[in-house]
Amino acid sequence: MFNYIKADLYRIFHKRSNQLYWLILAGLFLTFVIFGSTNANFADNKSELTEMYFSVAVMPLTLFGSLVISPQFYYAVYLDELNNKGFVRLFSSGLRKSEYIVAKIISSLVYMLAVFLFLAIAYLGGFAILALLNNGAPFFTMSQIEVLLSLVAYLALFTIAFSSLTNIITLKWQGGNIPLFLFFIISNGILGNLIRWINHARVLRNFNFSPYLLSTNTGKLQAALRNGIFYGQQGQPANRPPSAQAALKTIDSIGSQPFIIIGIYIIVTMVISFFILKCSDVKDN
């Protein structure tokens with residue numbers, strides 16, 4: 001299994017399209033920040049530079065991270081291998097199907113860790129450039145770092161959970177880009193909304209499935225992050241980011257239930273994926 005993980009990570013990290021994607025994303029962010037702050041004057045209060053730069057990263061990450069970052073992780077780890085017609089060779093080499101499922105989770109985590117580390121370096125590099133342009137600036141506070149780490153942890157959990165759920169369909173399909181479209185539908189709560197709509201039927205009205213849906217529980221986490229980041233400070237205008245300390249208080253109020261339900265989803269979908277692989281013929285796509 002570990003040989004497969006090494007080979008899988010080699011494939012992912014040496015894929016030019018993956019490298020280009022993250023380089024473009026980091027480049028766009030740095031260009032936007034540096035050119036967007038050229039007319040700002042931080043001479044009187046240099047702490048405003050740190051707050052501005054923190055908010056420019058944390059707001060897009062909160063709003064668009066699940067749309068821009070998570071699908072790329074899913075495609076690079078799961079779908080690219082299927083599209084390159086290498087699925088049959090995996091199991092003909094002696095890899096067990098249970099090992100494949102666990103290996104993909106490990107590959108996802110390592111790939112995400114490497115990408116977020118790269119984005120962090122680019123982020124700090126941009127901040128260093130702005131600090132030099134403004135004759136120095138305060139460093140980030142621990143609260144700001146904790147908020148950013150909370151966002152990264154949420155995106156990692158979001159990706160693993162919805163990848164495992166979508167993978168049930170992907171392993172049965174075994175190829176094509178349609179599973180990526182399904183990832184968007186499932187992860188954005190469209191399927192969950194459909195289930196809630198069906199739940200209003202007279203026969204099912206007494207059964208409320210909503211609290212147990214994956215999208216409901218990831219939505220609770222996302223709502224807490226958004227409320228903390230945009231509205232966490234009492235009396236703070238909506239167009240200004242609140243303090244990181246206020247955001248952390250809102251994030252701490254999430255509770256453990258969403259994490260427990262998401263964990264159950266990951267375990268159950270991994271078990272189902274194993275039985276799907278075990279009972280299905282592996283296609284040479």
Side-chain angles (χ1 to χ4, degrees), residues 8 11-12 15 17-18 21-22 25 63-88 90-91 97-98 100-109 111-112 115 154-199 204 209-223 258 261-285:
D8 198 31
R11 172 188 63 82
I12 294 169
K15 185 79 172 179
S17 59
N18 294 338
Y21 185 87
W22 299 117
L25 198 65
L63 294 172
F64 307 115
S66 58
L67 297 173
V68 177
I69 292 178
S70 297
Q72 205 284 333
F73 285 143
Y74 177 66
Y75 180 86
V77 174
Y78 288 97
L79 299 184
D80 189 49
E81 190 172 52
L82 292 174
N83 290 335
N84 288 332
K85 303 179 180 181
F87 207 43
V88 170
L90 293 179
F91 303 109
K97 293 177 179 179
S98 58
Y100 168 81
I101 294 170
V102 175
K104 281 300 183 184
I105 298 291
I106 296 173
S107 295
S108 297
L109 290 173
Y111 178 48
M112 282 189 282
V115 168
Y154 163 73
L155 288 174
L157 185 63
F158 180 94
T159 303
I160 294 296
F162 281 106
S163 293
S164 299
L165 183 59
T166 310
N167 210 35
I168 293 175
I169 303 171
T170 303
L171 290 175
K172 191 68 177 177
W173 204 294
Q174 293 185 25
N177 292 321
I178 293 179
L180 181 61
F181 176 69
L182 293 175
F183 181 89
F184 273 104
I185 290 178
I186 296 172
S187 63
N188 286 301
I190 297 175
L191 182 60
N193 289 332
L194 177 62
I195 294 174
R196 293 186 191 95
W197 180 76
I198 296 173
N199 205 177
L204 301 173
F209 301 117
S210 182
Y212 309 105
L213 296 175
L214 180 59
S215 58
T216 300
N217 288 278
T218 56
K220 288 180 181 178
L221 302 184
Q222 189 178 42
I261 294 177
I262 292 170
I264 292 172
Y265 263 93
I266 293 173
I267 294 171
V268 171
T269 50
M270 286 176 64
V271 173
I272 294 174
S273 297
F274 167 73
F275 282 106
I276 288 176
L277 263 182
K278 186 177 180 180
C279 301
S280 302
D281 294 328
V282 178
K283 302 173 185 177
D284 189 359
N285 298 313

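These numbers come from a predicted model, not from an experiment.
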On a heavy-atom basis, which atom in I262 and which in A161 lie closest, and how many Å separate them? CG2-CB, 3.9 Å
Are I106 and D8 close enough that some pair of their side-chain heavy atoms sits under 4.5 Å apart? no
To the nearest 0.5 Å, how far apart are CG in L165 and CD1 in I186? 5.0 Å
Between S273 and N167, is there a side-chain donor-acceptor contact under 3.5 Å, judged purely by atom types and distance? no
Could you tell me the separation between the CD atom of Q222 and the CG atom of N217, rounded to the nearest 0.5 Å? 13.0 Å
With distance as the sole test, does T269 use its side chain to make a donor-acceptor pair with the main-chain N or O of Y265 at under 3.5 Å? yes
Any chance you could measure L155, atom CG, to L221, atom CG, to the nearest 0.5 Å? 11.0 Å
What are the two closest non-hydrogen atoms of T159 and F183, and how far apart are they? O-CE1, 4.4 Å
Answer whether the closest heavy-atom distance between the side chains of F162 and S70 falls below 4.5 Å. no
4.5 Å side-chain heavy-atom contact, L214 and T218: yes
Distance-only, no hydrogens or angles: does the K104 side chain make a donor-acceptor pair with backbone N or O of V77 under 3.5 Å? yes
For I69 and V115, what are the C-alpha separation, side-chain angles and deciding distance, and is it a side chain to side chain contact (heavy atoms under 4.5 Å, CB included)? CA-CA 10 Å; I69 292 178; V115 168; 5.8 Å; no
Aromatic contact, Y111 with F73 (centres under 6.0 Å): yes
Can you name the side chain to side chain contact (heavy atoms under 4.5 Å, CB included) partners of L109, sequence neighbours left out? I105, M112, I160
Tell me every residue that passes side chain to side chain contact (heavy atoms under 4.5 Å, CB included) with V271, counting only those two or more places apart in sequence or in another chain. F275
Residue pair P71 / S66: nearest heavy atoms and the distance that separates them: CD-O, 3.2 Å
Search all heavy atoms of Y78 against all heavy atoms of S163 and return the closest pair with its distance. CE1-CB, 3.8 Å
Any chance you could lay out the side chain to side chain contact (heavy atoms under 4.5 Å, CB included) test for L25 and W22, step after step, and finish with the verdict? CA-CA 5 Å; L25 198 65; W22 299 117; 3.6 Å; yes
For the pair V68 and Y21, evaluate side chain to side chain contact (heavy atoms under 4.5 Å, CB included) and give the outcome as yes or no after the intermediate values. CA-CA 10 Å; V68 177; Y21 185 87; 3.2 Å; yes
Expected output: side-chain N18 to main-chain I12 donor-acceptor under 3.5 Å: yes
Could you check I266 against L157 for side chain to side chain contact (heavy atoms under 4.5 Å, CB included), going step by step and ending with a plain yes or no? CA-CA 10 Å; I266 293 173; L157 185 63; 4.1 Å; yes
In Å and rounded to the nearest 0.5 Å, what is the CD1 to CD1 distance from I101 to I272? 10.5 Å
